Amino acid sequence: MPLYSKVMLRVRFAPSPTGFLHVGSARTFIFNWLYARHNGGTMVLRLDDTDVERNTDASVNSIFGGLRWLNLGWDEEYKQSERLALHRQIADAIFQKDLAYRDFTPAHTGDTEKSGANQTWLFNPGMRELSRAESDRRAAAGESFALRFRVPRGRNEQVRFTDAVYGEQVKLADDIEDFALLRSDGMPTYHLASCADDIDLRISHIIRGQDHLSNTYKHALIFEGAAAKIPQFAHLPLLVAPDGSKLSKRRHGPVVSVTTYRDAGFLPEAFINFLCLLGWSPKDNREKMTRHELIEAFSLEGINRANAVVNFKEPAATPDETFDPKALWLNAEHIRALPVSELSAQLLPVVRATGFQVTSEKMDAITPLIRERIKLLRDVLTAADFFFVEKLPPYDPAELIPQKGDAAMALKVLKRAKEVLAQTEFSHDPLDHALRAAAQEMGLKAGQMFQPIRVAVCGRKNAPPLFETLQVLGRDTTLARIDQAIEKLN
RNA sequence: GGCGCUAUCGUCUAGGGGUUAGGACGGAAGAUUCUCAAUCUUCAAACCCGGGUUCGAUUCCCGGUAGCGCUACCA
């Protein structure tokens, strides 16, 4: 491919700020970004904010917050509302060519008359045929109107475009309604604004959700009407809920919001990885991929056509069920791929935000003990809690009793452990030797010796390896907790 | 209703006229370990239905069914 054509490759992500950043939108952004980076193109971020009624600042913040978290960046940024003159100019050009007409019918609320052959609304009666003179007169008189595209009728004309994912698309113009370009308040509609900006910003590839596939015929008409080159389209299969329905905040709650993933402790790298695997495949069985590998592997040919299910549990019984198990697994993979120092630095703010005082040195020591035991960053709070608290939360003393043992054995073990630990160096090998020797002395299996100690210091049976844990905890805390355990048994 | 898109294990997917239909997550069993993880091994699990075309269709074509999308002066 010649260099210049790569330089000219321009894609855009054009969210409308009417809600929080949706995971589906995030994926669209990512695919655009990947395509741009793979081809050395330009990534444009454009806020499609022509719906003044529904725009909110909170939404703008959510979108930018989410995108910044993704940490992918973009090259150019625009706001549609600042480009209204351009939209009207293009609308006017289309109108001057008589490819659009003024519709003075008042904006309706309920059902409309069906003017089409198949009881489908195609246009409002009488407006298409209005003479230019009459139309001008009524407009001059101050009558408000919407500007509608004059879709070719009754000539069996076909509108066509090629989609990089869905192939050749053809539709009869007679099945397309006379869609609005300008509203009666003079604001451009989405279709007009979007196409006008795509033309002006010289967008070469439009990669967006499949929900726009049917709209693309209208867009093709606009591009053609504006004498512009039609960009390459690539529609993405939609992300849907386990029951096949569209992901919606109202029905599915926070699962659909990018911030939910961020707040739970997904690594952006893993989140991106997960989203890429929904509706796209590198076709070589790779699953865990870095962003660089994704850039390298990404192509429009790898996108498939069927909607992808985000496999969360509808009523989540556990917090983890809010997420697709594969997302969790990928996050765990990416966590384990992080150097300890980096993971530790990521974990630190999570721990501190909960109110625990931890030094970064201590966190560095804890991190290797838990990094194979957490799927989400927030799991540090449950996996390593006993390192942070002064006093262990209450636990059942029965937990202290080892396999095939009784309370008496637990007591015996703990008392002996106290003696041993009082005079053993607190590092792995000495602890290992001393404790195993003590077990043997008492005629116990290593596990029978270790479990009461583990429960005494961790407050539960499932925890990181014992010697490393003791080392991080230190002698004072260890002995104090063993004392507390002995009290519990008495 | 009209128009369009889609259909491989529970989920994400690979594949493709002749294959033991491959991988991953999740599930089950086992190995390993001081528990839990991690790791390793093994197992169960799929071509929506019906017609064609063909020597042979899961793959190509048609129909059905189902799901989804669009059908606004929302985007």
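This one's a predicted model, so the numbers in the text were calculated from it and none came from an experiment. Just so we're on the same page: letters track the sequence lines, and every chain starts at 1. All heavy atoms count here, side chains included; hydrogens, waters and symmetry mates do not.
Donor-acceptor pairing under 3.5 Å, judged by distance alone, is absent between the side chain of Q169(A) and the base of G4(B). A donor N or O paired with an acceptor N or O is not found under 3.5 Å between the base of G69(B) and the side-chain atoms of N307(A). On a pure distance criterion of 3.5 Å, no polar donor-acceptor pair joins the side chain of K461(A) and the base of C36(B). The base of A14(B) is not paired with the side chain of K283(A) by any donor and acceptor separated by under 3.5 Å.
Cation-pi geometry between R138(A) and F145(A) is not met at under 6.0 angstrom from the ring centre and within 45 degrees of the axis.
Taking every side-chain heavy atom of L213(A) into account, C5(B) is the closest of U35(B), C5(B), G69(B). Counting only heavy atoms from C-beta on, T120(A) has its side chain closest to G1(B) among C73(B), G1(B), U35(B). Each of C34(B), A24(B), G69(B) was ranked by its minimum atom distance to the side chain of W329(A); first place goes to A24(B).
Contact annotation: R436(A) side-chain N/O to C34(B) OP1/OP2 distance is under 4.0 Å. Side-chain nitrogen and oxygen atoms of N304(A) include at least one within less than 4.0 Å of the OP1 or OP2 phosphate oxygen of U13(B). For R305(A) and A7(B), the shortest distance from a side-chain N or O to OP1 or OP2 is not below 4.0 Å.
Nucleic acid contact for S16(A): sugar-phosphate only, since backbone atoms but no base atoms lie under 4.0 Å from a heavy atom of the residue. The residue F467(A) sits close to a base: some heavy atom pair falls under 4.0 Å. A308(A) comes within 4.0 angstrom of sugar-phosphate atoms only, judged by non-hydrogen atoms across all strands, and of no base. Among the heavy atoms of the strands lying under 4.0 Å from T189(A) are primed sugar atoms or P, OP1, OP2 only; no base atom is included. Backbone-only engagement by L277(A) is indicated by non-hydrogen atom pairs under 4.0 Å involving sugar-phosphate atoms exclusively. Residue N215(A) is classed as a base contact, given a heavy-atom separation below 4.0 Å to a base. In this structure, H235(A) reaches neither bases nor backbone, as no heavy-atom distance under 4.0 Å exists between it and the strands shown. Contacts of K288(A) with the nucleic acid, taken as non-hydrogen atoms under 4.0 Å apart, are absent. Note on R286(A): nothing from the nucleic acid sits closer than 4.0 angstrom, heavy atoms only.
Taking a pair to require two hydrogen-bonding distances under 3.5 Å in either a Watson-Crick or a G-U wobble arrangement, G69(B) pairs with C3(B). When both pairing distances are held under 3.5 Å, G18(B) makes a Watson-Crick or G-U pair with C55(B). Base pairing of G10(B) is made with C25(B), judged by Watson-Crick or G-U wobble geometry with both donor-acceptor distances under 3.5 Å. Applying the Watson-Crick and G-U wobble criteria (two distances, each under 3.5 Å), C40(B) pairs with G30(B). Nucleotide C48(B) forms a pair with G64(B), judged by Watson-Crick or G-U wobble geometry with both contacts under 3.5 Å.
For C9(B) and C70(B), the C1' atoms lie 32 Å apart once the distance is rounded to whole Å. Comparing G64(B) with G4(B), their P atoms sit 12 Å apart, to the nearest whole Å. A distance of about 15 Å separates the C1' atoms of G63(B) and A7(B), rounded to the whole Å. Comparing the C1' positions of A57(B) and C47(B) gives a spacing of 11 Å, expressed to the nearest Å. Taking atom C1' in both A37(B) and U20(B), the straight-line distance is 35 Å, to the nearest Å. Taking atom P on both nucleotides, A38(B) is separated from A24(B) by 16 Å, rounded to a whole Å. Atom name P, nucleotides U11(B) and C48(B): the rounded distance is 12 Å, in whole Å. Using atom C1' as the reference point in both C62(B) and C55(B), the two lie 22 Å apart (nearest Å).
Centroid-to-centroid, the aromatic rings of F161(A) and F223(A) stay 6.0 Å apart or farther.
A side-chain donor-acceptor contact under 3.5 Å links T216(A) and H235(A).
Taking atom CG of residue L328(A) and atom P of nucleotide A38(B), one finds them 12 Å apart after rounding to whole Å. Here U33(B) presents its C1' atom at 15 Å from CD of Q451(A), a figure rounded to the nearest Å.
Between K283(A) and E301(A), no side-chain nitrogen of the basic residue sits less than 4.0 Å from a carboxylate oxygen of the acidic one, so the salt-bridge criterion is not met. Salt-bridge annotation for D324(A) and K326(A): absent, with no side-chain N of the basic residue lying under 4.0 Å from a carboxylate O of the acidic one.
Counting heavy atoms from C-beta on, the side chains of W280(A) and V165(A) never come closer than 4.5 Å.
Between F266(A) and Y261(A), the two ring planes are tilted [angle within 30° to 60°].
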